[in-house]
Asks: 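To start, I am sharing the structure in question, which I have written as structure tokens.
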Amino acid sequence: MRTKSALLGKTRRQILHGAAGAAAAALWPRSSIGQTAPRVVIVGGGFAGASCARALRGADARLAVTLIEQRRVYTAPPLSNGVLGGLRALANQQFGYGKIAAAGIAVVNAAATAVDAKMRTVALATGDKVAYDRLVLAPGIDFRWGSLPGYDEAAAAKMPHAWTADGEQIDLLRRQLDAMEDGGLVVIAAPANPARCPPGPYERASMIAHYLKSKKPRAKLVILDAKDTFTMQRLFQDAWKELYPGLIEWISLSAGGSVSSVDAATRTIETDFGEYKPAVANVIPPQKAAPIAALAGVADRTGWCPVDPITFESQQQPNIHVIGDAAISGAMPKSAFAASLEGELCAASIVRLMAGERPAAPKLVSNCYSLVAPDYAISIASVYHPVDGQYVEVEGAGGVSPLGAPPAFRAEEAKFADAWFRTNTSAIFG
Ligand SMILES: Cc1cc2nc3c(=O)[nH]c(=O)nc-3n(C[C@H](O)[C@H](O)[C@H](O)COP(=O)(O)OP(=O)(O)OC[C@H]3O[C@@H](n4cnc5c(N)ncnc54)[C@H](O)[C@@H]3O)c2cc1C
């Protein structure tokens, strides 16, 4: 197992190898702009889309940048498990779009309902249409409703997923935990990959265990997993043994962890090996790119969006770029860290493409922190570069937190997690 070292001290801009900076210096050739400013429209104001909008605005003031976002308030998923653990307030996760608008980006609060790739327009739920020269889709994920029998939107109101930028879902799960009697059973159903935030379900188990340990010490937590292994497994399991002995049980795919159906009315979860009737059920179902991707014709049969790894332009539709969790990014995990960098990189590429240049191949990093307890975090970082059209890990770069590290090391990582969140969200949302 490699351990992390120099990566912890790197800034996002260093990691991008100056790509965004180079873009900022790029000038439009007269022929490419004509009389009107080039219009770049972005759908989705999460980590990927909002950072792309910011970077485009910073790259050239003459660009007309429009950000279409269906929610007025974005609830950031990173560290939201801390809300379940009682470590953070939901309000700490929530951001508006006022400062993005004040920076000169046209923010449209409406859902995009269709894309006409030939006419280069985006239709909105309001009935309006927005024209673009280049479109960036950054809509995040949706669930494969129906692929897990019994789990649909109505079931999610009883067995929350709490897995999107929707604050109500996190709040619902938190309230269910509060209402549960001591001695109750909590079940987390963790999905197979590819899925958003690979360490997320295990961070969530840790945070809920922290809450239960102090408030409901006779309660138990079972993770029903559709996988046989998970990221940072030894680190998580060592921490659970040390901090939450006997509280968390992880049931792997081979041991019967895969959920075959749910019944929200009776709060029952079925696996091939048995039945669970938890007091609180957190079902994280199988995922795909959010619906606008399929509507725009950029999602393939996997439900995700194949892209050129250098420009993030769709392999299926010219002039449409896809970034963040919706895109297929090879070995790169679906993380906010990666999504923000993809946003900046895509902005740099768009500026270069509009200037008639070919962007250079980048290196990208993803560094995911997971909270295990207050003052205790672990992390995994990797560096990626495009090889044969797909991101692969750069051998020997990155690493994970060391096993058996002293409490001071874990506490330091918890501070890094908080600092990363504050720096990143203030750079994006102001
Ligand atoms: C519990 C949890 C913990 C996590 N922890 C971490 C972590 O510690 N570190 C980390 O790096 N990552 C973490 N992640 C992953 C991270 O949250 C995602 O990778 C990241 O949010 C992806 O960003 P995105 O912009 O692609 O999608 P999103 O953040 O989901 O943003 C997409 C936006 O698009 C909008 N949208 C969608 N469709 C439309 C439409 N048709 N019209 C208008 N707007 C639309 C949505 O409303 C949303 O605001 C975590 C995730 C979870 C669930």
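Whatever order the structure lists them in is the order used to number ligands and atoms, beginning at 1. The figures here come from the full heavy-atom set of this structure, side chains too, leaving out hydrogens, waters and symmetry mates. Index from 1, following the sequence.
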Asks: Compute whether any side-chain donor of one residue and acceptor of the other, for Gln93 and Thr75, lie under 3.5 angstrom apart.
Replies: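 Result is no, nothing qualifies.
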Asks: Could you tell me which residues satisfy ring-ring contact (aromatic ring centres under 6.0 Å, His included) with Tyr276, sequence neighbours excluded, listed by chain and number?
Replies: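 None.
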Asks: Is the shortest side-chain N to carboxylate O distance from Asp225 to Lys227 below 4.0 Å?
Replies: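 Salt bridge present between Asp225 and Lys227.
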Asks: Scan side-chain atoms only and decide if Asp166 and Thr164 contain a donor-acceptor pair under the 3.5 Å cut-off.
Replies: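 Asp166 vs Thr164: no donor-acceptor pair found between side chains.
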Asks: So, do Tyr391 and Tyr384 have ring centers that fall under 6.0 Å from each other?
Replies: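 No - the distance between ring centres of Tyr391 and Tyr384 does not fall below the 6.0 Å cut-off.
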Asks: Could you name the protein residues that come within less than 4.0 Å of ligand 1, counting only heavy atoms, and order them by chain and residue number?
Replies: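 Shell around ligand 1 (4.0 Å, heavy atoms): Val43, Gly44, Gly45, Gly46, Phe47, Ala48, Ile68, Glu69, Gln70, Arg71, Tyr74, Pro77, Pro78, Ser80, Asn81, Ala110, Ala111, Ala112, Ala138, Pro139, Gly140, Trp163, Arg196, Cys197, Arg204, Ile292, Gly324, Asp325, Lys334, Ser335, Ala336, Phe337, Ala339, Cys368, Tyr369, Trp420.
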Asks: Under 4.0 Å between a Lys/Arg side-chain N and an Asp/Glu carboxylate O for Arg88 and Asp418?
Replies: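 Yes.
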